[in-house]
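Comments concern the structure below.
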Amino acid sequence: MAQNNFAGIARDGLWNNNPALVQILGLCPLLAVTNTTINGIGLGLATMMTLVISNGIVSLIRNWVTPEIRLPVFVLVIACIVTVIELAMNAYFHELYNLLGIFIALIVTNCNIIARAEAFASRNPLLPALFDGLMMGTGFLLVLVTLGAMREMIGSGTLFANAHLMFGEGARGLTVRLGDYHGMLLAILPPGAFIGLGLLIALKNAIDRRRAERRTAPAAVTAPEPHAV
């Protein structure tokens, strides 16, 4: 990967090295909370903010932390950030905070966050480290939202239910009902989360394979032009 190539960082975070679809990291909260779209947005934004801030702080202090104690220091930084975000969600998004429950605090143990701190932020300047956190967080957020939307539509027959928990009372009208469809319970249960994530991974792999085949396909053979008489 081109460490300081912002386009490469963006491609890695959003697609080529997506934390959920390629690295398969942080699956516990991803599978647990994505029974609705709003839950996915809430946890995805909290995780993205943690990634950006922790990458920035780790990049700033990387030259003052000795290799022997770097991991404990990184975990301490991440734990402080998650605590602040948890308290802020409790204060300003209390109902959503109650729905997400323990999974907000468990962001501290998200392997993706400590992996980016160790593999990227501790070896790069501030700006690339912040951008890496933003792209990795956005890639994770997009998977959470997509999986949450899939499970909510199939499982409950709605989309953006309880949007007011995230966007305020004015967002109650955002809820969409899919006609008379009342949903399929399996989709919002844990097996539905595994099936949905498996389908997303399969779709990504199929797209990547199709793109690779197009790149390696031989150029079309053009018929030689007839000689002029």
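The two residues G42 and L96 have their closest heavy-atom pair at CA-CD2, 4.0 Å. Contact between I9 and P128 at its shortest, heavy atoms only, is CD1-O, 4.2 Å. Summarising the geometry of F140 relative to A20, their closest heavy-atom pair is CD1-CB, 4.1 Å, with the distance given to 0.1 Å. The two residues P19 and G13 have their closest heavy-atom pair at CD-O, 3.7 Å.
Counting only residues at least two apart or on different chains, no salt bridge (charged side-chain N to carboxylate O under 4.0 Å, His left out) pair has a member in residues 15-32. For residues 147-169, the set of pairs meeting the salt bridge (charged side-chain N to carboxylate O under 4.0 Å, His left out) definition, not counting sequence neighbours, comprises E169-R172.
Side-chain contact between F167 and I38 is present, with at least one heavy-atom pair separated by less than 4.5 Å. Contact check for M153 versus T158: no side-chain heavy atoms found under the 4.5 Å cut-off. Proximity of M135 to F6: side-chain heavy atoms (C-beta onward) are nowhere separated by under 4.5 Å. Contact check for T138 versus M136: no side-chain heavy atoms found under the 4.5 Å cut-off. No side-chain heavy atom of T146 sits less than 4.5 Å from a side-chain heavy atom of V143. Using a 4.5 Å heavy-atom cutoff, the side chains of L147 and L30 are in contact. When side chains are defined from C-beta on, L165 does not count as touching F93, because their heavy atoms never get closer than 4.5 Å. Two residues are said to be in side-chain contact when any heavy atoms from C-beta on lie closer than 4.5 Å; I201 and I24 meet this criterion.
With sequence neighbours left out, the salt bridge (charged side-chain N to carboxylate O under 4.0 Å, His left out) criterion links E118 to R70, R123. Shown here are the side chain to side chain contact (heavy atoms under 4.5 Å, CB included) partners of A7, two or more places apart in sequence or in another chain: N5, R11. Taking the side chain to side chain contact (heavy atoms under 4.5 Å, CB included) definition, one finds that R211 meets it with W15, I207, D208, R215, sequence neighbours left out. With sequence neighbours left out, the side chain to side chain donor-acceptor pair (under 3.5 Å) criterion links N35 to N39. Every residue two or more places apart in sequence or in another chain that forms a side chain to side chain donor-acceptor pair (under 3.5 Å) with N90 is listed here: H94. Listed by chain and residue number, I102, F103, T109 satisfy the side chain to side chain contact (heavy atoms under 4.5 Å, CB included) test with L106 (two or more places apart in sequence, or in another chain).
Taking Ile, Leu, Val, Met, Phe, Trp and Tyr as members and joining any whose side-chain heavy atoms lie under 4.5 Å apart, directly or through other members, L87 forms no hydrophobic cluster with any other residue. Through direct or indirect side-chain contacts shorter than 4.5 Å among Ile, Leu, Val, Met, Phe, Trp and Tyr, W64 is connected to no other residue.
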(request) Walk me through it: do R116 and N112 pass the test side chain to side chain contact (heavy atoms under 4.5 Å, CB included)? (result) CA-CA 6 Å; R116 298 320 297 174; N112 183 43; 3.9 Å; yes
(request) Tell me, with the steps shown, if N16 and V22 meet side chain to side chain contact (heavy atoms under 4.5 Å, CB included). (result) CA-CA 7 Å; N16 293 338; V22 179; over 6 Å; no
(request) Go through the steps for N162 and T36 under the test side chain to side chain contact (heavy atoms under 4.5 Å, CB included), then give the verdict. (result) CA-CA 9 Å; N162 297 323; T36 70; 5.6 Å; no
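In this structure, CG on L31 lies 7.5 Å from SG on C28, to the nearest 0.5 angstrom. In this structure, CE on M150 lies 4.5 Å from CG on L200, to the nearest 0.5 angstrom.
One hydrophobic cluster, built from ILVMFWY side chains closer than 4.5 Å, cannot hold both L60 and L76; they sit in different ones. Each of L142 and L25 belongs to its own hydrophobic cluster when Ile, Leu, Val, Met, Phe, Trp and Tyr are linked at side-chain heavy-atom distances under 4.5 angstrom. Residues L203 and L21 fall into different hydrophobic clusters, defined by Ile, Leu, Val, Met, Phe, Trp and Tyr side chains chained together at heavy-atom separations under 4.5 Å. V84 and Y97 end up in different hydrophobic clusters when Ile, Leu, Val, Met, Phe, Trp and Tyr side chains are linked at under 4.5 Å.
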Give the table of side-chain donor-acceptor pairs shorter than 3.5 Å for residues 175-194, with sequence neighbours excluded, one pair per line with atom names and distance.
residue	atom	partner	partner atom	Å
T175	OG1	F160	O	3.1
Y181	OH	I154	O	2.6
Y181	OH	M184	N	3.4
H182	NE2	D180	O	3.2

What donor-acceptor contacts under 3.5 angstrom involve side-chain atoms of residues 44-59, with partners at least two apart or in another chain?
residue	atom	partner	partner atom	Å
T47	OG1	L43	O	2.8
T50	OG1	A46	O	2.8
S54	OG	T50	O	2.7
S54	OG	L51	O	3.2
N55	ND2	A129	O	3.0
N55	ND2	D132	OD2	3.2
S59	OG	R62	NH1	3.4
S59	OG	N124	O	2.7
S59	OG	P125	O	3.2
S59	OG	L126	N	3.1

